[in-house]
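Heavy atoms only: backbone and side chains are in, while hydrogens, waters and symmetry mates are out. These numbers were taken from a predicted model, which means no experiment stands behind them.
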Amino acid sequence: MSTGELILGIESSCDDTAAAVVAEDGTVLSSVIVSQASLHDRYGGVYPEVASRAHVDKAIPAVRMAIEDAGIRPKDLRAIGVTRGPGLIGSLMVGVDTARGLGQGWGLPVLGINHLRGHLRSADLNERRVSYPALILLVSGGHTLLAHMRDQDTISLVGSTRDDSVGEAYDKVARMLGLGYPGGPVIDRLALQGQDRFGLPRPMLGDGLNFSFSGLKTAVRRLLESDPNLEAADVAASFVAACLDVLTQKCERALVEYPSESLVIVGGVAASPQLREVAGKLCESLDVKLCLPPLKWSTDNAAMIALAAWDYVRAGQGTDLAPTSRLSIEQY
């Protein structure tokens with residue numbers, strides 16, 4: 001294996017093409033993210049074939065820019081880490097094939113990285129924030145789960161969603177309200193202007209550590225069907241309040257069941273100012289350290305994949321490069 005001190009990360013699991021160069025201590029030398037949001041807005045969500053074609057066009061230019069921005073050459077790299085799943089198969093194939101070609105051309109090993117483990121590591125980019133044992137809340141467009149980490153290498157899944165992720169529910173409610181894609185940021189902004197006055201359901205609130213958001217999404221649809229002229233800000237505020245109640249109460253229950261030094265919230269929904277506020281209050285009341293990635297590292301990026309790849313190097317993992325739509329957070 002190369003003895004370089006840096007890893008190139010490549011991320012293409014969904015609708016962003018990203019490349020980054022990261023040192024073992026989490027220092028980010030460069031990060032390039034090419035968004036496809038404008039391509040998918042007309043569909044109200046990600047159109048898989050459009051996403052794959054866009055990755056084909058943008059993958060190599062993103063890598064080239066990341067290398068140039070870092071001011072390095074391929075010989076400075078230890079390895080290439082690329083997301084192999086979970087995600088959209090076509091998009092994953094583009095990233096993996098790009099990494100394979102670069103690895104062959106540059107004489108570097110290529111490591112297949114679990115996207116979920118990448119999100120876990122996002123909280124330590126550019127600064128070590130996480131103390132162990134830690135409870136992880138991963139909330140994104142495709143995933144909602146709770147995991148307990150005894151240490152940096154020992155992960156146990158303790159709760160997950162039975163249907164929609166919270167981020168998926170955000171996007172679908174935004175579509176119902178005609179707010180475009182992606183829905184999370186605009187729903188949060190709109191909610192700040194409204195009031196929680198519709199008493200929307202809190203699915204599975206008292207039922208263990210698993211989640212369900214499909215019923216909440218359906219409740220919003222039925223509410224809007226009953227009166228299309230409802231104030232959109234109040235609908236958004238009611239929806240966000242229901243989501244936050246579920247997320248924070250599940251976290252509180254998990255922290256009691258799995259005592260931890262840190263609560264780590266990662267994934268795109270971790271950028272929500274409302275979630276950050278209520279999580280801060282929860283952690284203060286329980287005397288637990290709240291660990292959040294900076295906003296720019298909350299959504300999908302390649303820096304988190306590169307930092308996770310360093311864990312794979314130390315563990316001797318990453319030989320499986322087969323793209324897959326499903327991976328547990330417990331898997332490499």
Legend entry - Contact check, side chains of His143 and Pro86, non-hydrogen atoms, under 4.5 Å: yes
Legend entry - CE/Met204: more than 12 non-hydrogen atoms of other groups inside 6.0 Å: yes
Legend entry - Shortest non-hydrogen separation from Leu111 to Ala309 and the atoms involved: CD1-O, 3.8 Å
Inset, instruction - Go through the steps for Arg117 and Arg121 under the test side-chain contact (heavy atoms from CB on, under 4.5 Å), then give the verdict. - result: CA-CA 6 Å; Arg117 284 181 173 251; Arg121 300 297 278 129; 5.7 Å; no
Inset, instruction - Could you tell me whether Lys58 atom NZ has more than 12 heavy atoms of other residues or ligands within 6.0 Å of it? - result: no
Inset, instruction - Output yes when a side-chain donor or acceptor of Ser31 lies under 3.5 Å from a complementary backbone atom of Ala20, and no otherwise. - result: no
Inset, instruction - Could you tell me whether a side-chain N or O of Thr83 sits under 3.5 Å from a main-chain N or O of Gly85, the two making a donor and an acceptor? - result: no
Inset, instruction - Decide side-chain contact (heavy atoms from CB on, under 4.5 Å) for Leu275 and Val269; before the verdict, give the C-alpha distance in whole Å, the side-chain angles of both, and the deciding distance to 0.1 Å. - result: CA-CA 8 Å; Leu275 177 56; Val269 183; 4.2 Å; yes
Legend entry - Residue pair Glu11 / Asn301, side-chain donor-acceptor N/O under 3.5 Å: no
Inset, instruction - Find out whether Ser160 and Asn210 are in side-chain contact, i.e. whether some heavy atom of one side chain is under 4.5 Å from a heavy atom of the other. - result: yes
Legend entry - Closest non-hydrogen atom pair, Ser165 against Ser140: OG-O, 3.2 Å
Inset, instruction - Check whether any side-chain heavy atom of His119 sits under 4.5 Å from a side-chain heavy atom of Ile329, and report yes or no. - result: no
Legend entry - Any Ile187 side-chain heavy atom under 4.5 Å of Val240 side chain: yes
Inset, instruction - Report yes or no: do His55 and Thr17 form a side-chain donor-acceptor pair below 3.5 Å? - result: yes
Legend entry - Flag, side chain of Asp163 to backbone of Ser212, donor-acceptor distance under 3.5 Å: no
Inset, instruction - Please confirm whether the backbone N or O of Ile89 pairs with a side-chain atom of Ser325, one donor and one acceptor, at under 3.5 Å? - result: no
Inset, instruction - Taking Asp124 for its side chain and Val130 for its backbone only, find out whether a donor-acceptor pair lies under 3.5 Å. - result: yes
Legend entry - Flag, side chain of Asp171 to backbone of Gly183, donor-acceptor distance under 3.5 Å: yes
Inset, instruction - Look up atom CG in Leu6 and atom CD1 in Ile67, then write down how far apart they are to the nearest 0.5 Å. - result: 8.5 Å
Inset, instruction - Give a yes or no on whether Leu327 and Ile305 share a hydrophobic cluster (residues Ile, Leu, Val, Met, Phe, Trp, Tyr; joining criterion: side-chain heavy atoms under 4.5 Å apart). - result: no
Inset, instruction - Go through the steps for Arg64 and Glu68 under the test salt bridge (charged side-chain N to carboxylate O under 4.0 Å, His left out), then give the verdict. - result: CA-CA 6 Å; Arg64 182 182 298 116; Glu68 292 176 353; 5.0 Å; no
Legend entry - More than 12 heavy atoms from other groups under 6.0 Å of CD on Gln104: no
Inset, instruction - Could you tell me whether Arg314 atom CZ has more than 12 heavy atoms of other residues or ligands within 6.0 Å of it? - result: yes
Legend entry - Pair Leu200-Leu216, side-chain contact (heavy atoms from CB on, under 4.5 Å): steps then yes or no: CA-CA 7 Å; Leu200 292 172; Leu216 173 58; 3.8 Å; yes
Legend entry - Heavy-atom check, side chain of Arg84 versus side chain of Asp320, under 4.5 Å: yes
Legend entry - Between CG on residue Asp311 and CD on residue Gln317, distance to nearest 0.5 Å: 11.0 Å
Inset, instruction - Mark yes or no for whether Ser30, through its side chain, and Ala66, through its backbone, hold a donor-acceptor pair below 3.5 Å. - result: yes
Inset, instruction - Taking the side chain as every heavy atom from C-beta outward, state whether Tyr132 and Gln152 have any atom pair closer than 4.5 Å. - result: yes
Inset, instruction - Show the numbers, then the answer: is there a side-chain contact (heavy atoms from CB on, under 4.5 Å) between Leu192 and Gln274? - result: CA-CA 9 Å; Leu192 293 173; Gln274 290 96 324; 3.6 Å; yes
Legend entry - Centroid separation Phe239 to Tyr170 less than 6.0 Å: yes
Inset, instruction - Please check if Val22 and Val32 belong to a single hydrophobic cluster, counting links between Ile, Leu, Val, Met, Phe, Trp and Tyr side chain heavy atoms closer than 4.5 Å. - result: no
Inset, instruction - Output every pair passing salt bridge (charged side-chain N to carboxylate O under 4.0 Å, His left out) with a member in residues 245-263, not counting sequence neighbours, ordered by first then second residue. - result: Arg202-Asp245
Inset, instruction - Would you confirm whether Ser328, through its side chain, and Glu330, through its main-chain N or O, come within 3.5 Å as a donor-acceptor pair? - result: yes
Inset, instruction - Calculate, to the nearest 0.5 Å, the distance between atoms CG and OG belonging to Leu255 and Ser285 respectively. - result: 9.0 Å
Inset, instruction - Tell me whether the guanidinium CZ or amine NZ of Arg162 lies under 6.0 angstrom from the six-membered ring centre of Phe211 and within 45° of its axis. - result: no
Inset, instruction - Answer yes if Val278 and Phe213 sit in the same cluster of Ile, Leu, Val, Met, Phe, Trp and Tyr residues linked by side chain heavy atoms under 4.5 Å apart, and no otherwise. - result: yes
Inset, instruction - For Lys281, look at atom NZ and say whether over 12 heavy atoms of other residues, nucleotides or ligands are found less than 6.0 Å away. - result: no
Legend entry - Single-linkage hydrophobic cluster, 4.5 Å side-chain cutoff, Ile60 and Leu108 together: yes
Inset, instruction - Check the pair Glu231, Arg197 against salt bridge (charged side-chain N to carboxylate O under 4.0 Å, His left out), reporting the backbone distance first and the verdict last. - result: CA-CA 11 Å; Glu231 180 61 48; Arg197 65 184 186 90; over 6 Å; no
Inset, instruction - Flag yes if more than 12 heavy atoms outside Asp287 fall under 6.0 Å of its CG atom; otherwise flag no. - result: no
Inset, instruction - Among Leu209, Thr161, Leu247, find the one that has a side-chain contact (heavy atoms from CB on, under 4.5 Å) with Leu146. - result: Leu209
Inset, instruction - Determine yes or no for a side-chain-to-main-chain donor-acceptor pair under 3.5 angstrom, with Tyr312 supplying the side chain and Asn114 the backbone. - result: yes
Inset, instruction - Measure the spacing between CD1 of Ile113 and OG of Ser13 and express it to the nearest 0.5 Å. - result: 13.0 Å
Inset, instruction - Determine whether the side chains of Ser214 and Asp164 contain a donor N or O and an acceptor N or O closer than 3.5 Å. - result: no
Inset, instruction - Grab the two heavy atoms, one from Ala59 and one from Thr98, that are nearest each other, plus how far apart they are. - result: CB-OG1, 3.7 Å
Inset, instruction - Please tell me if the side chains of Met149 and Ile136 come closer than 4.5 Å, counting only heavy atoms from C-beta onward. - result: yes
Inset, instruction - With rounding to the nearest 0.5 Å, note down the distance linking CG in Leu157 to CD in Gln331. - result: 10.5 Å
Inset, instruction - Kindly give the heavy-atom pair with the smallest separation between Val34 and Ala62, and that separation in Å. - result: CG2-CB, 4.5 Å
Inset, instruction - Decide whether Val264 and Leu244 are clustered together by the hydrophobic rule: side chain heavy atoms of Ile, Leu, Val, Met, Phe, Trp, Tyr closer than 4.5 Å, transitively. - result: no
Inset, instruction - Compare every heavy atom of Thr144 with every heavy atom of Val139, then report the nearest pair and how far apart it is. - result: CG1-CG2, 4.0 Å
Legend entry - Arg326 side chain vs Thr324 backbone, donor-acceptor pair below 3.5 Å: no
Inset, instruction - Taking the side chain as every heavy atom from C-beta outward, state whether Leu223 and Leu230 have any atom pair closer than 4.5 Å. - result: yes
Legend entry - Residue pair Val82 / Val96: nearest heavy atoms and the distance that separates them: CG2-N, 3.8 Å
Legend entry - Reported CD-to-CG distance for the pair Glu284 and Leu282, which is rounded to 0.5 angstrom: 10.5 Å
